[in-house]
Participant: 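I have a structure here, written as structure tokens, and I will follow up with some questions on it.
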Amino acid sequence: MARSNSNTSQGPFGQPNRVRLVNQFLGLRTIDPANAWKDVYRLLLWIDTRTGIAHCYESDKSQPGKPWYPRSLEFHEWVSDQLGIAPMDLKDHVDWMFRQVVGAVTEAEADEMIANALGVQESLFAGNRKKMPVPGDDPRLREIVEPLMSLSPSERLDEDGINSVLRKVYAHMSSENKRANLLGRGFEDVLDGVIRRLPAPPEHHGAQTVLETIPGFRPTRDGDKVEKVDLWVGDGERRRIMISAKWSVRADREKQMATDFQTYNQMNDWRDPFEYVWITNEFDPARLVTNATNTQNNSLLFDKVVHICPAALGVVHRFGDGARLGRNPARLQELLAEQRIIGLDAFLRDISSGG
DNA sequence: TGGCGTCTTTACTGGCCAAA
DNA sequence: TTTGGCCAGTAAAGACGCCA
């Protein structure tokens with residue numbers, strides 16, 4: 001999609017590279033809606049570095065001794081089984097998109113950082129032979145790491161070698177911070193890539209689409225902010241589905257989705273209503289229930305809530321084992337049974353042309 | 001006037017923590 | 001144990017000033 005700004009990013013996290021990666025992974029094949037969730041997880045699901053198991057909830061609540069640790073373990077085992085992978089090897093078969101981007105970036109960033117620092121030091125202290133500290137040489141981290149690398153005096157790394165290891169450790173730790181950005185925009189690109197490869201794809205679809213380019217939405221007034229929608233689908237006639245794609249939510253983002261709906265509503269020029277759908281991989285039952293039952297102007301905000309993998313919700317919240325469920329998990333189970341919350345497979349079948 | 005660089009704003013996420 | 005809300009880090013987009 002053309003952008004209005006000249007400084008379009010061509011970086012590893014930018015839209016062109018994300019789309020390239022999605023196309024590289026999905027290739028030319030047709031995607032069966034029933035298996036689409038597997039591609040989404042292979043591309044985007046990741047392993048919590050502190051527990052070594054698949055991430056389905058906030059890290060602090062998923063540590064050993066916390067309530068979400070056993071749930072995360074069961075999720076990890078179930079996903080591994082479904083993908084036909086040993087649980088120990090799952091890490092090598094998910095998180096593909098992030099691994100592609102970060103593997104090359106972190107080392108390059110670490111090297112660039114040290115080169116810049118040495119350049120500045122040289123410009124300030126040319127001729128001064130005193131050695132100055134370099135970025136990443138954390139004394140406490142060094143105390144931990146250095147003994148592990150010192151097998152014997154003859155094998156011991158020199159100073160530059162140790163600093164190189166420390167920088168790479170830091171680069172790795174900070175790389176996790178980049179995931180949020182890639183996940184947010186990448187989720188939209190992955191879903192659009194899946195939709196494109198359906199056996200009977202819808203007439204229109206797109207990610208990060210300017211609202212006024214979608215049939216039935218009027219242009220923004222001069223000076224107003226250009227409004228975009230995460231993802232949209234159209235049947236080429238009167239049906240338009242506006243999609244909010246959020247991998248997970250917090251309470252503050254729930255308000256944002258209602259605000260977005262109001263914006264779309266104000267800009268809708270047709271008498272025909274548009275549909276509003278939330279696609280998510282959220283596992284928190286309260287957040288799912290809240291958004292699936294949220295109302296706006298005396299009607300439900302979302303026409304549908306779509307979860308990437310409802311079967312995984314059942315595993316995590318133990319819908320099948322007969323135990324008494326808590327209030328929110330019980331309500332979540334009802335909403336799934338009522339098809340107020342549906343799976344990605346059902347949604348993809350619904351939007352398929354002729355579907 | 002248009003190109004360019006820099007700064008600011010917006011939107012995305014998970015982590016985290018206090019309160020319920 | 002859950003819930004609500006804020007924060008940090010990131011990229012993209014927009015705003016703005018400078019200069020040829």
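What's counted below: heavy atoms across the whole structure, side chains too, no hydrogens, waters or symmetry copies. A note on names: the letters A, B, ... follow the listed sequences, proteins ahead of strands, and every chain is numbered from 1.
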Participant: Please determine whether a side-chain nitrogen or oxygen atom of A:Lys178 lies at a distance below 4.0 Å from atom OP1 or OP2 of C:dG9.
Facilitator: no
Participant: Could a donor-acceptor pair under 3.5 angstrom be found where the side chain of A:Arg179 meets the base of B:dG15?
Facilitator: no
Participant: Check the phosphate of C:dT3 against A:Lys61, side-chain N and O only, distance under 4.0 Å to OP1 or OP2. Yes or no?
Facilitator: no
Participant: Would you indicate which nucleotide in C:dC7, C:dT2, B:dC12 comes nearest to any side-chain atom of A:Asp230?
Facilitator: B:dC12
Participant: If the cut-off is 4.0 Å, is A:Arg253 near the phosphate of B:dT10, judged by side-chain N/O to OP1 or OP2?
Facilitator: no
Participant: Check every atom of C:dG4, B:dA11, B:dC17 against the side chain of A:Arg185 and return the nucleotide holding the closest atom.
Facilitator: B:dA11
Participant: Select from A:Arg287 and A:Asp260 the residue whose nearest nucleotide in DNA chain B is closer to the 5' end of that strand.
Facilitator: A:Asp260
Participant: Side chains of A:Arg20 and A:Asn17: do they bring a donor and an acceptor to under 3.5 Å?
Facilitator: yes
Participant: Picking from C:dG9, C:dT3, B:dG15, which would you name as closest to the side chain of A:Ala180?
Facilitator: C:dG9
Participant: Got a second to check how far A:His93's NE2 is from A:Leu45's CG, nearest 0.5 Å?
Facilitator: 13.0 Å
Participant: Any idea which of C:dC7, B:dC16, C:dG14 is nearest the A:Val226 side chain?
Facilitator: C:dG14
Participant: Rounded to whole Å, how long is the line connecting atom CG of A:Leu288 with atom C1' of C:dT2?
Facilitator: 14 Å
Participant: Would you indicate which nucleotide in B:dG15, C:dT2, C:dT3 comes nearest to any side-chain atom of A:Pro67?
Facilitator: C:dT2
Participant: For A:Asp48 and for A:Asn181, find the nucleotide of DNA chain B with the closest heavy atom, then tell me which residue's nucleotide is more 5'.
Facilitator: A:Asn181
Participant: So, does A:His55 use its side chain to make a donor-acceptor pair with the main chain of A:Asp48 at under 3.5 Å?
Facilitator: no
Participant: Send over the distance from A:Glu188 CD to B:dT10 P, rounded to a whole Å.
Facilitator: 18 Å
Participant: Rounding to an integer number of Å, can you tell me how far A:Leu325 CG sits from C:dT1 P?
Facilitator: 16 Å
Participant: Cation-pi between A:Arg240 and A:Tyr264: NZ/CZ under 6.0 Å from ring centre and within 45° of the ring axis?
Facilitator: no
